[in-house]
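Since the structure comes first, as structure tokens, the remarks are kept for the end.
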Amino acid sequence: MAADHMSTASQTHMFDTPEQLAQQAADWIIEQASKSGARFALCLSGGETPERLYELLATPAHRARMPWNRTHCFWGDERVVPHADERSNFHMAWEALLRHVPIPAANIHAIPTEQMSPAAGAAAYATTLKRFYGADTPEADRPLFDLTLLGLGEDGHIASLFPGSPALLETERWAVAVMGETPPDRITLTYPVLASSKVTAFLVTGERKRDALARVRAGDPALPASRLQTAGAIHWFIDRAAAATPALSGA
Ligand code: 6PG
């Protein structure tokens with residue numbers, strides 16, 4: 001049942017409800033951060049699924065246990081709208097989490113979406129990532145990110161890598177503009193960069209994700225999520241509605 005086609009190590013964490021999932025994921029992220037090295041590079045996901053998790057990380061009990069000084073936040077994708085726009089992934093993470101915690105401003109690496117074209121924004125973000133990483137090419141034994149959070153679209157997309165998109169074929173650039181596919185335009189990290197993560201966590205909840213989840217976990221190559229080839233560990237945080245597994249309690 002585990003998605004071993006993607007990675008040498010895959011683990012599933014199953015929950016009765018999205019709330020339980022968010023609670024456990026918050027503690028688990030703090031654990032990942034605590035055991036990381038000099039800095040903890042965290043690649044955030046957009047979408048609705050992680051919002052509750054972000055809110056929990058901002059609560060006093062969680063906030064105090066997270067090493068914010070050495071945590072660096074990045075995003076897997078962004079909508080090309082101002083950062084104050086409700087549709088912005090930066091905006092969601094800022095409102096739910098970042099504005100409430102003592103993370104240094106210099107550690108927040110938002111994808112630029114204003115005053116430049118989407119292609120220029122993607123190129124600028126690639127430069128930011130390369131500078132942080134200290135090299136122009138991801139090295140197999142030295143992941144860029146410590147932890148990458150990913151949601152799963154009903155069509156199997158991850159970040160803004162949509163089925164049939166030319167962005168799926170990108171092997172050189174670290175970030176690209178995704179124009180006119182699913183408005184608004186987007187900027188997304190590409191496979192080689194998303195794959196350069198020590199640990200990847202998929203957060204998937206709700207019945208609507210059931211079909212995509214089953215197909216990705218079976219390795220269906222038509223779905224972009226199936227084609228992520230990471231050498232790192234994969235953790236699936238899923239609820240019973242998405243997994244189509246009845247609750248043990250029978251509630
Ligand atoms: C975004 C994402 C995207 C998201 C999925 C799932 O910007 O929307 O990063 O890849 O994770 O679409 O979204 P939900 O969590 O809202 O279902």
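When a ligand or atom number is given, it counts from 1 through the structure's own listing order. Remember, it's a predicted structure, so these values are computed and weren't measured experimentally.
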Open item on the list: Quick test: of every protein heavy atom, which one is nearest to atom 7 (O) of ligand 1, and how far off is it to 0.1 Å?
Closed with: Asn89 ND2, 2.8 Å
- [ ] In plain terms, say whether Glu19 and Arg52 are close enough for a salt bridge, that is, a side-chain N and a carboxylate O under 4.0 Å apart.
- [x] yes
Task: ligand 1 versus His157: contacting region, heavy-atom distance under 4.0 Å - done: side chain
Task: Heteroatom proximity flag, Ser160 to ligand 1, N/O under 3.5 Å - done: no
TODO: Would you mind telling me if ligand 1 is within reach of the side chain of Ala159, the backbone, both or neither, using heavy atoms under 4.0 Å?
DONE: backbone
TODO: Write out the residue and atom name of the closest protein heavy atom to atom 9 (O) of ligand 1, then the distance separating them to 0.1 Å.
DONE: Asp77 OD1, 2.6 Å
Task: ligand 1 versus Arg79: contacting region, heavy-atom distance under 4.0 Å - done: side chain
TODO: Of the side chain and backbone of Leu152, name the one, both, or neither that has a heavy atom under 4.0 Å from an atom of ligand 1.
DONE: backbone
Task: Distance filter under 4.0 Å to Gly151 heavy atoms, resulting ligand 1 atoms - done: 11 (O)
TODO: Compute the ring centroids of His235 and Phe202, then answer whether they are less than 6.0 Å apart.
DONE: no
- [ ] Number the atoms of ligand 1 from 1 as they appear, then name those within less than 4.0 Å of a heavy atom of Lys209, with their elements.
- [x] 14 (P), 17 (O)
Task: Contact check: Pro50 vs ligand 1, nitrogen or oxygen atoms, below 3.5 angstrom - done: no
- [ ] Mind checking whether Thr49 contacts ligand 1 via backbone (N, CA, C, O), side chain (CB onward), both or neither, at a 4.0 Å heavy-atom cut-off?
- [x] both
Task: Identity and distance of the protein heavy atom lying nearest atom 16 (O) of ligand 1 - done: Glu48 N, 2.7 Å
Task: ligand 1 contact by Ser45, heavy-atom criterion under 4.0 angstrom - done: yes
Task: Any N or O of Arg208 closer than 3.5 Å to N or O of ligand 1 - done: no
Task: Single hit among Glu181, Arg79, Glu78 for side chain to side chain contact (heavy atoms under 4.5 Å, CB included) with Arg186 - done: Arg79
TODO: Could you find the nearest protein heavy atom to atom 13 (O) of ligand 1 and give me its residue, atom name and distance?
DONE: Gly47 CA, 3.8 Å
Open item on the list: Does the plane of the ring in Phe90 sit parallel, tilted or perpendicular to the ring in His83? Use 30° and 60° as the thresholds.
Closed with: tilted
